[in-house]
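Keep in mind that this is a model prediction, so the values were computed, not measured.
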Amino acid sequence: MVGVDLSPDSDAAIGFGFEEAAVAGVPLVAAMAHVDERSSSLNAWMSGWLEKYPDVVVDQLVVGERPIPLLLELGDRAGLLVGSRGRGGFVGMLLGSTSQALIHHAPCPVAVVRPA
């Protein structure tokens with residue numbers, strides 16, 4: 001399960017999620033909270049990854065919910081939660097508030113991916 005916020009850092013998390021799903025031979029859930037005008041571009045945002053990993057089945061979930069409750073709920077059914085540092089205003093922080101909450105409360109392993 002990969003949490004997507006369409007920030008530039010999110011692309012690294014999406015790539016990591018696709019790679020892990022491909023290696024494990026499992027479907028990938030790409031979840032995005034905060035529905036707004038960008039939501040319709042989730043498929044376009046992932047198009048390159050969809051082409052690179054054609055055998056990975058992807059379920060795209062776009063909901064108007066806060067990210068932490070959404071990801072914690074999805075974590076109940078996930079083998080791994082993947083995300084990026086996020087797009088919060090404190091760029092120097094190693095982890096954003098969502099990543100910190102997931103690390104402390106997720107019911108499964110969490111990977112926070114930073115761009116290379």
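Between Gly79 and Pro109, the shortest heavy-atom distance links the atoms O-CD, 3.3 Å. Smallest separation of non-hydrogen atoms from Ser10 and Gly3: OG-O, 4.3 Å. Residues Ser84 and Ala13 approach most closely at N-CB, 3.9 Å, considering heavy atoms. Residues Met1 and Ala78 come closest through the heavy atom pair CB-CB, 3.8 Å. Contact record, Leu28 with Gly17: CD1-O, 3.9 Å, taken as the closest heavy-atom pair. When all heavy atoms of Ile68 and Ala101 are compared, the pair lying nearest together is CD1-CB, 3.7 Å.
Within the model, atoms CG of Leu42 and CD1 of Ile14 stand 7.0 Å from one another, a figure rounded to the nearest 0.5 Å. Taking CG from Leu6 and CH2 from Trp45, the interatomic distance works out to 5.5 Å, rounded to the nearest 0.5 Å. Atom NE2 of residue His105 and atom CG of residue Leu72 lie 7.5 Å apart, to the nearest 0.5 angstrom.
Val58 is listed as a side-chain neighbour of Met46, based on a closest heavy-atom distance under 4.5 Å. Between Ser99 and Val110 there is no side-chain heavy-atom pair separated by less than 4.5 Å. Considering only heavy atoms from C-beta on, Leu61 comes within 4.5 Å of Leu74 through its side chain. Residues Asn43 and Leu50 form a side-chain contact, since some pair of their non-hydrogen atoms from C-beta on lies under 4.5 Å apart. Within the 4.5 Å cutoff, no side-chain heavy atoms of Leu70 are placed close to those of Arg66.
Sorted by first and then second residue, the side-chain hydrogen bond (donor to acceptor under 3.5 Å, both in side chains) pairs with a member in residues 68-82 form an empty list; sequence neighbours excluded.
Hydrophobic clustering (side-chain heavy atoms under 4.5 Å, transitive across Ile, Leu, Val, Met, Phe, Trp, Tyr) keeps Val26 apart from Phe18. Residues Leu81 and Ile103 share a single hydrophobic cluster, defined by chaining ILVMFWY side chains whose heavy atoms lie under 4.5 Å apart.
Applying side-chain contact (heavy atoms from CB on, under 4.5 Å) to Phe16 and the options Leu80, Val2, Asp11 leaves one that passes, Leu80.
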